[in-house]
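So that the names make sense, note that chain A is the first sequence line, chain B the second, and so on, each numbered from 1. The structure displayed is predicted, hence computed values, not measured ones.
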Amino acid sequence: MSEEKSLNFIEEIVETDLKEGKYDQIITRFPPEPNGFLHIGHASSICLNFGLTEKFKGYTNLRFDDTNPVTEDTAYVEAIKKDIAWLGFKWENENYASDNFDTLYGYAVKLIEKGLAYVDDLNAEDMATLKGTPTEPGKNSPFRDRSVEENLDLFTRMKNGEFPDGSHTLRAKIDMTHVNMIMRDPIIYRIKHAKHHRTGDAWCIYPMYDFAHGQSDAIEHITHSVCTLEFIPHRDLYNWLIEKLEIYPSKQYEFARKNLNYTVTSKRKLLQLVNEKFVAGWDDPRMPTISGLCRRGFTPSSIRNFCERTGIAKRENLIEYSLLEFFIREDLNKTSWRRMAVLDPIKMVITNYPEGQEEMLTGENNPEVEGHDGERQIPFSRELWIEREDFMEEPPKKFFRLGPGLMSRLKSAYIVRCDDFVKDAEGNVTEIHCTYFPESKSGEDTSGLKVKGTMHWVSVKHAKTAEVRLYERLFTAEEPDREEGDFKDYLNPGSLVVLKNAYIEADLANAQQQLADNPDRRYQFIRKGYFCLDADSTAEHLVFNRTVTLKDTWAKLVS
RNA sequence: UGCCCGAUAGUAUAAAGGUAGUACAACGGUUUUUGGUACCGUUUGUCUAGGUUCGAAUCCUGGUCGGGCAACCA
């Protein structure tokens, strides 16, 4: 089992570092800000960071980058922890940037004492003006050359709450003409009279990302600090601060975030969809969030496989949703129980099957595995529900289902021939009449009949009603946030279709118990797709979510 | 008109100067009591122009295209 798998560029760096003896073990971290739910893009980062320390020697910390109290919340902390655990990863330590506020404050004082930071009284607008542009150098602030004593005094008073929000900032004293705008005296502390989700009212000044992230990395002795491409310009500052503060030299590496087509992965935009009620919540099954994918019926391994397969690189990308679908189908094909459900019903009457007669038929749970994962009993009778699309009044040549004179097999039951059909006043077909062949019973077929089609069905008398929710892509554009106008203009109005009266086979009435017995229980509604029981279900009212359809070459053929 | 990052089939990702490969998608076929699955096969690619070299996707130079950089966000 020694399959030679090529390493991605970050794994190569780690392998080289280890080989050269730079570290005894590596330490990575996953650093979410608790201001939203994790999405599929984060899954990639999680798999990378935890995967690195699984593959090589070391461990991974979970660290919440909670330096902006106005957007952060403990509820997000809990959701994030749940999602990472669900994906199957274990963090070594649960840390918070806010745990380091005292240390960080000390670092700031140290910088001031070295003459490398100053308190600025400029407002945001004036500061932006003096900052220059990517092509023009900036100009020094008139407050840039205050004495160490004055800076220390002012910074202390900032901390003590003597000033209102926005009146003062602490800036690193670097170079206002630097080509990298991040290095033009970046703000490292700002005043925010806001309650923090962990430190409460203890502070009214908070460090900026650049003065918290790298420092927290250093405190935790992170060896490889992996982030996304947009932080490349920040690396200069990251390294400058390590040097001036004389702290542990963590190294930052950047990779390209993963983008999925027909969706958005920006916490800001996802929050908008939630707040403005375009979706039912962060865990709406249409959301690309981990919790949304979970509720939709995706498995942790399908997501991990997806992340593994799409890899890590530095180029911009837009991954096709069909790849995610492939991995969930691959997984569920091997594990899901086969059941029958009729989503858009029409009645079939088997005219030569005695009225009042019933029989129990046997169906395997999963033909893909040895022993078929057991079996269940399926009641059969004279009247059945079948899928409306499985009957055509004037079928084309290659139609293998039912139409006048056509024969088809009812899955796990008998072969039937369509003899007649009934129409209502408007010309809609309301009932299909068939005859069945008693000697064609599944498993003991002696009829000698050969049919190309097999259909699913549910006995009218024994059918249970359920709600079935069908999901399609959330957006109609491949990259909604790059289109003209607002990304919400491209929401797919058909992303959720609710079928209130689908008919499910009798055994599915036990779905709640089956889920309690096995939290991974999923179903394949034969010929219709993979489904899972939704949390909205009650004993009287079952709700199923469609995770993904089956591949359908017939549908492709007719379209 | 600055600096930084990038460019390999439709998509994503390998090939560390030596046969351009893998997966998905697409297409065709075999099997099938799911028009599913499985299996077999086919199509499609190194942005461009030079240079170095016996040999370049890979190294060098110029260009083109795409992305990023001026939040008291992370």
>> If I take atom CG in residue Asn317(A) and atom C1' in nucleotide rA14(B), what distance separates them, rounded to the nearest angstrom?
In response: 15 Å
>> Between rU52(B) and rU58(B), how far apart are the two P atoms, rounded to whole Å?
In response: 15 Å
>> What contact category does Pro31(A) fall into here, base, sugar-phosphate, or nothing, at under 4.0 angstrom with non-hydrogen atoms?
In response: nothing
> If you look at every strand shown and take non-hydrogen atoms under 4.0 Å, does Ala313(A) touch a base, only sugar-phosphate, or nothing?
Replying inline: sugar-phosphate
> Looking only at atom P, what distance separates rG63(B) and rC24(B), rounded to whole Å?
Replying inline: 41 Å
>> Can you confirm if the aromatic rings of Phe101(A) and Tyr206(A) lie within a centre distance of less than 6.0 Å?
In response: yes
> When all nucleic acid strands are considered with a 4.0 Å heavy-atom cut-off, which category describes Leu229(A): base, sugar-phosphate, or nothing?
Replying inline: nothing
>> What is the distance, to the nearest angstrom, from the CG atom on Asp236(A) to the P atom on rC3(B)?
In response: 15 Å
> Is the Lys NZ or Arg CZ of Arg473(A) less than 6.0 Å from the centre of Tyr262(A)'s six-membered ring, within 45° of the axis?
Replying inline: yes
> Taking the six-membered ring of Tyr96(A) as reference, does the NZ or CZ atom of Arg198(A) fall below 6.0 Å from its centre and within a 45° cone about the axis?
Replying inline: yes
>> Taking the ring of Phe231(A) and the ring of Tyr209(A), is the distance between their centroids below 6.0 Å?
In response: yes
>> Quick check for you: among rC73(B), rU33(B), rU34(B), whose closest atom lies nearest to any side-chain atom of Ser442(A)?
In response: rU33(B)
> What is the distance from NE2 of His234(A) to C1' of rC4(B), rounded to the nearest Å?
Replying inline: 12 Å
> If you look at every strand shown and take non-hydrogen atoms under 4.0 Å, does Glu320(A) touch a base, only sugar-phosphate, or nothing?
Replying inline: base
>> By the 4.0 Å heavy-atom rule, please label Pro233(A) as base, sugar-phosphate, or nothing.
In response: nothing
> Between Gln524(A) and Lys314(A), who's closer to the 5' end of RNA chain B by nearest nucleotide?
Replying inline: Lys314(A)
>> Counting the atoms with a prime plus P, OP1 and OP2 as sugar-phosphate, which does Arg338(A) contact under 4.0 Å by heavy atoms, base, sugar-phosphate, or nothing?
In response: base
> Centroid-to-centroid, Tyr105(A) to Phe155(A), below 6.0 Å?
Replying inline: yes
>> Roughly how many Å apart are rU13(B) and rG50(B), using the P atom of each and rounding to a whole number?
In response: 29 Å
> What is the nucleic acid contact for Ile182(A), judged by heavy atoms within less than 4.0 Å: base, sugar-phosphate only, or nothing?
Replying inline: nothing
> What nucleic acid atoms does Asp552(A) come within less than 4.0 Å of, heavy atoms only: base, sugar-phosphate, or nothing?
Replying inline: sugar-phosphate
> NA contact type, Phe231(A), heavy-atom cut-off 4.0 Å: base, sugar-phosphate, or nothing?
Replying inline: base
> Strictly under 6.0 Å, is that where the ring centroids of Phe400(A) and Trp554(A) end up?
Replying inline: no
> Heavy atoms under 4.0 Å, any strand shown: does Ile187(A) hit a base, just sugar-phosphate, or nothing?
Replying inline: base
>> Let's see if you get this right: which residues in residues 191-199 of chain A place a heavy atom under 4.0 Å from RNA chain B?
In response: Lys192(A)
>> So that I can tick it off, tell me whether Glu505(A) and Lys411(A) are bridged by a salt bridge, with the cut-off set at under 4.0 angstrom between side-chain N and carboxylate O.
In response: no
> Are OP1 or OP2 of rU37(B) and a side-chain N or O of Lys551(A) less than 4.0 angstrom apart?
Replying inline: yes
> So what does Leu324(A) touch, heavy atoms closer than 4.0 Å: a base, only the sugar-phosphate, or nothing?
Replying inline: nothing
